[in-house]
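Working notes, beginning with the structure itself.
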Amino acid sequence: MNLDEQVALLTRGSAGITPQGGLEQKLKRSSETGKPLKVKLGLDPTAPDIHLGFAVVLRKLRQFQDLGHQVILIIGDYTALIGDPSGRSATRPMLTDEQIAQNGATYVDQLSTILDREKTQVRFNGEWLGKLSFAEVVRLSARMTVAQVLERDDFQKRYRAGEPIGLHELLYPLAQAYDSVAIEADIEMGGQDQMFNILAGRGLQKELGQEPQVGFFMPLLVGLDGEKKMSKSLGNYVGVQDVPNEMFGKLMSIPDTALATYFELTTDVPMDEIKALLAAAEQGEVNPKDVKKRLAREVITIYHSAQAAAEADAHFESVYSRKEAPSEIPEAAFAAVDAKDGKVWICKLLASVGLSKGTGDARRTVLQGGAKLNGERISDPNLELALTDLDGAVLQVGSRHFVRVRTT
RNA sequence: GCCGGGUUGCCCGAGUGGCCAAAGGGAGCUGACUGUAAAUCAGCCGGCGAAGCCUACAGCGGUUCGAAUCCGUUACCCGGCACCA
């Protein structure tokens, strides 16, 4: 692959590279000297949270690896002491060394589905941050000014709003910047929200006489709602370890407006093809639903397999589009204890089998016409069923909750 | 330590004595519709075999015929001020 092709590949989906032309320069030098680039990614050890949004960055790293470069993951065990100031007032829980080590391991484990283990180095930043003496910290601090740090959006907002900013929080960017110095990073990858921290790395490297790293930013993927960023806490995410059917369903629920972004950032479908697909959908030549299904299949193929993708598609068609009962219906035991004189109240049954939160909820569902027994809609919330012909009966709530009853 | 503000249902958030199982929004559930588990519209959305009753507005105690609302107290959170100097 020549340089232009490499650049084209790498810049796909990127939200920006600082400085302009920096990537080309680094790549060029690397190919001339035969020395792989060190590409850094900092990770917060608090919560291994691998979803498609995070995967955007990881997949980009993988591309670097495939071009022969070295990825260095930095687990921020030390920076975790501070906590990224991006959040609000919530104090981060202190983690024990053990937890951090374990989280680190979990991370590496999950990450390896995307990254090439061979070309991935994992470091903990306590390794060097822990060795700094107070004097050295002071000396490093002298390399950054308060004005620079306060420039940061988060701080600006909090400062204006009169919210407290801990002195230690000002050290966060410094600490992260020092990571870049410690490993002599060529490139630091991160989401757009990491802009400040990553640029701080450049600054500090320059101050200390190193060649500054290139900041490589990826956009934050929007979540399933199509508006907010994808995150576990917002619950609008697709986990890379989600089972195929779940992935498929979740991806089908994204709004059309998010389609282009998802294709670009989460799949390997060539840009030309993506454009053609979207244009066809726009003009009504293709049903946009089918384009979205294609997206879902592409993603599932990456994290599972093409076969799993096809199966999930078929499952979705049958269960949701045609509203058929799934081939495998979960079974639930119903204890005869809840029966009276060999009869079972329908609401009790729905509740005890887990289809309703309680008899009140069940009653509502029935009144709203949401319950079916063996495919027949139930309309009477006072219905009594004979316990004897219950075994094997299929109960359904709405169009997608099925349970096969087992009397025990 | 002192002063002030706060703590409401899954989440956010209104409510300052009865009309409060508590506005509104979000999430969730059901139905209709459709190109989907999208969007839109409608209904539901503490518990109870449903009548009424019970449990709920941080905990406890009190005032009152009646308290999410008033008083006291405890805990926690957020500001500010002070002490250690």
Side-chain angles (χ1 to χ4, degrees), chain A residues 87-91 93 158-166 222-228 231-238 242-262 277-278 280-297 299-300 312-324 326 337-341 343-352 354-373 377-385 395-403:
Chain A
R88 274 174 273 173
S89 45
T91 324
R158 284 164 64 186
Y159 188 68
R160 278 201 217 104
E163 282 165 21
I165 298 173
V222 290
L224 300 176
D225 51 76
E227 282 171 18
K228 296 173 205 139
S231 84
K232 205 163 204 164
S233 50
L234 290 173
N236 60 356
Y237 72 101
V238 179
D242 282 355
V243 296
N245 283 346
E246 202 173 330
M247 277 192 179
F248 202 97
K250 283 183 178 176
L251 287 167
M252 286 305 283
S253 80
I254 64 169
D256 291 356
T257 49
L259 260 181
T261 318
Y262 268 72
L277 272 172
L278 293 171
E282 182 107 1
Q283 281 154 27
E285 287 162 31
V286 180
N287 189 330
K289 177 190 171 190
D290 293 324
V291 177
K292 208 184 281 182
K293 288 175 94 177
R294 166 75 186 276
L295 169 72
R297 287 198 305 269
V299 172
I300 294 170
D313 191 343
H315 175 264
F316 183 86
E317 257 317 298
S318 128
V319 176
Y320 301 115
S321 297
R322 294 200 298 274
K323 305 199 176 195
E324 292 165 356
V337 195
D338 286 325
K340 242 194 278 172
D341 305 330
K343 295 235 170 197
V344 181
W345 179 34
I346 183 66
C347 291
K348 193 104 187 167
L349 178 62
L350 285 168
S352 89
L355 287 173
S356 303
K357 282 186 291 187
T359 59
D361 186 37
R363 171 178 235 102
R364 266 177 243 124
T365 304
V366 172
L367 286 172
Q368 289 177 138
K372 286 184 187 170
L373 175 64
R377 179 155 289 167
I378 299 164
S379 53
D380 179 11
N382 296 314
L383 184 68
E384 300 280 342
L385 302 161
L395 273 173
Q396 179 183 358
V397 165
S399 49
R400 54 198 138 104
H401 303 295
F402 293 84
V403 158

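Numbers restart at 1 for each chain; the letters A, B, ... are given by sequence-line order, proteins then strands. When reading the values below, keep in mind they use all heavy atoms of this one structure, side chains included, and skip hydrogens, waters and symmetry mates.
- Partner assigned to B/U73 is B/G59, using Watson-Crick or G-U wobble distances below 3.5 angstrom.
- A 3.5 Å limit on both hydrogen-bonding distances identifies no Watson-Crick or G-U partner for B/U64.
- Taking atom C1' on both B/C71 and B/A56, the two are 22 Å apart, rounded to the nearest angstrom.
- A gap of 14 Å separates the P atoms of B/G43 and B/G26, to the nearest Å.
- Spacing between atom CG of A/Leu259 and atom C1' of B/A39 amounts to 14 Å, rounded to whole angstrom units.
- A close approach under 4.0 Å does not occur between any side-chain nitrogen or oxygen of A/Lys289 and OP1 or OP2 of B/G35.
- Distance, A/Met252 CE to B/G35 C1': 8 Å, rounded to whole Å.
- No engagement by A/Gln396 is indicated, since no non-hydrogen atom pair under 4.0 Å with the nucleic acid exists.
- Judged by distance alone, with hydrogens and angles left aside, A/Asp256 brings a side-chain donor or acceptor within reach of the base of B/G35, the pair sitting under 3.5 Å.
- Using a 4.0 Å heavy-atom cutoff across all strands shown, A/Phe248 reaches no nucleic acid atom at all.
- Listed by chain and number, the residues in a side-chain hydrogen bond (donor to acceptor under 3.5 Å, both in side chains) with A/Asp313 are A/Lys293, A/Arg297 (sequence neighbours excluded).
- The interatomic distance linking A/Asp380 (CG) with B/G49 (P) rounds to 15 Å, in whole Å.
- B/C48 atom C1' lies 9 Å from atom NZ of A/Lys348, rounded to whole Å.
- Using a 4.0 Å heavy-atom cutoff across all strands shown, A/Asp313 reaches no nucleic acid atom at all.
- For A/Phe402, there are no ring-ring contact (aromatic ring centres under 6.0 Å, His included) partners at least two apart in sequence or on another chain.
- Applying the side-chain hydrogen bond (donor to acceptor under 3.5 Å, both in side chains) criterion to A/Ser399, with sequence neighbours excluded, gives no partner residue.
- Here the separation of B/G59 from B/C11, taken at their P atoms, is 14 Å to the nearest Å.
- Looking at heavy-atom distances under 4.0 Å, A/Asp290 makes no contact with the nucleic acid at all.
- Between A/Thr359 and B/C48 there is a side-chain N or O to OP1 or OP2 distance below 4.0 Å.
- Searching all strands for a Watson-Crick or G-U wobble partner of B/G28 with both distances below 3.5 Å returns B/C44.
- Base pairing of B/A23 is not made with any nucleotide, judged by Watson-Crick or G-U wobble geometry with both donor-acceptor distances under 3.5 Å.
- One interatomic measurement links the two molecules: NZ of A/Lys293 to P of B/A37, which rounds to 11 Å at whole-angstrom precision.
- Going from atom NZ of A/Lys292 over to atom C1' of B/A37 covers 10 Å, rounded to whole Å.
- Across every strand in view, B/G79 sits in a pair with B/C3 that passes the Watson-Crick or G-U test at under 3.5 angstrom.
- Legend: residues meeting side-chain hydrogen bond (donor to acceptor under 3.5 Å, both in side chains) with A/Arg364, ordered by chain and number and at least two apart, are A/Asp361.
- The shortest distance between side-chain heavy atoms of A/Leu350 and A/Arg363 does not fall below 4.5 Å.
- Closest of all the heavy-atom pairs between A/Pro288 and A/Asp256 is CB-OD2, 4.3 Å.
- Between the NZ atom of A/Lys357 and the C1' atom of B/C44 there is a distance of 10 Å, given to the nearest Å.
- Taking the P atom of each, B/C20 and B/G15 are spaced 15 Å apart, rounded to whole Å.
- The P atoms of B/C44 and B/A23 are separated by 12 Å, rounded to the nearest whole Å.
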Taking N or O atoms only and anything under 3.5 Å, show me the protein contacts with nucleotides 26-34 of chain B, one pair per line.
| residue | atom | partner | partner atom | Å |
| --- | --- | --- | --- | --- |
| B/U30 | O2' | A/Gln368 | O | 3.1 |

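- We find that NZ of A/Lys250 is positioned 14 Å from P of B/A38, with the value rounded to whole Å.
- Taking atom P in both B/G46 and B/G35, one finds a spacing of 35 Å when rounded to whole Å.
- The same atom, P, is picked in B/A38 and in B/G31; the two are 13 Å apart, to the nearest Å.
- Listed here is the closest heavy atom pair of A/Pro381 and A/Cys347: O-SG, 3.5 Å.
- Taking atom C1' on both nucleotides, B/G13 is separated from B/U7 by 13 Å, rounded to a whole Å.
- Pair assignment for B/A38: none, as no Watson-Crick or G-U wobble contacts are both less than 3.5 Å.
- Of the two residues near RNA chain B, A/His315 and A/Arg363, the one whose nearest nucleotide lies more 5' is A/His315.
- Residues satisfying the side-chain contact (heavy atoms from CB on, under 4.5 Å) criterion with A/Lys250, sequence neighbours excluded, are A/Leu224, A/Val238, A/Asp242, A/Glu246.
- Atom CG of A/Asp341 is surrounded by 12 or fewer heavy atoms from other residues, nucleotides or ligands within 6.0 Å.
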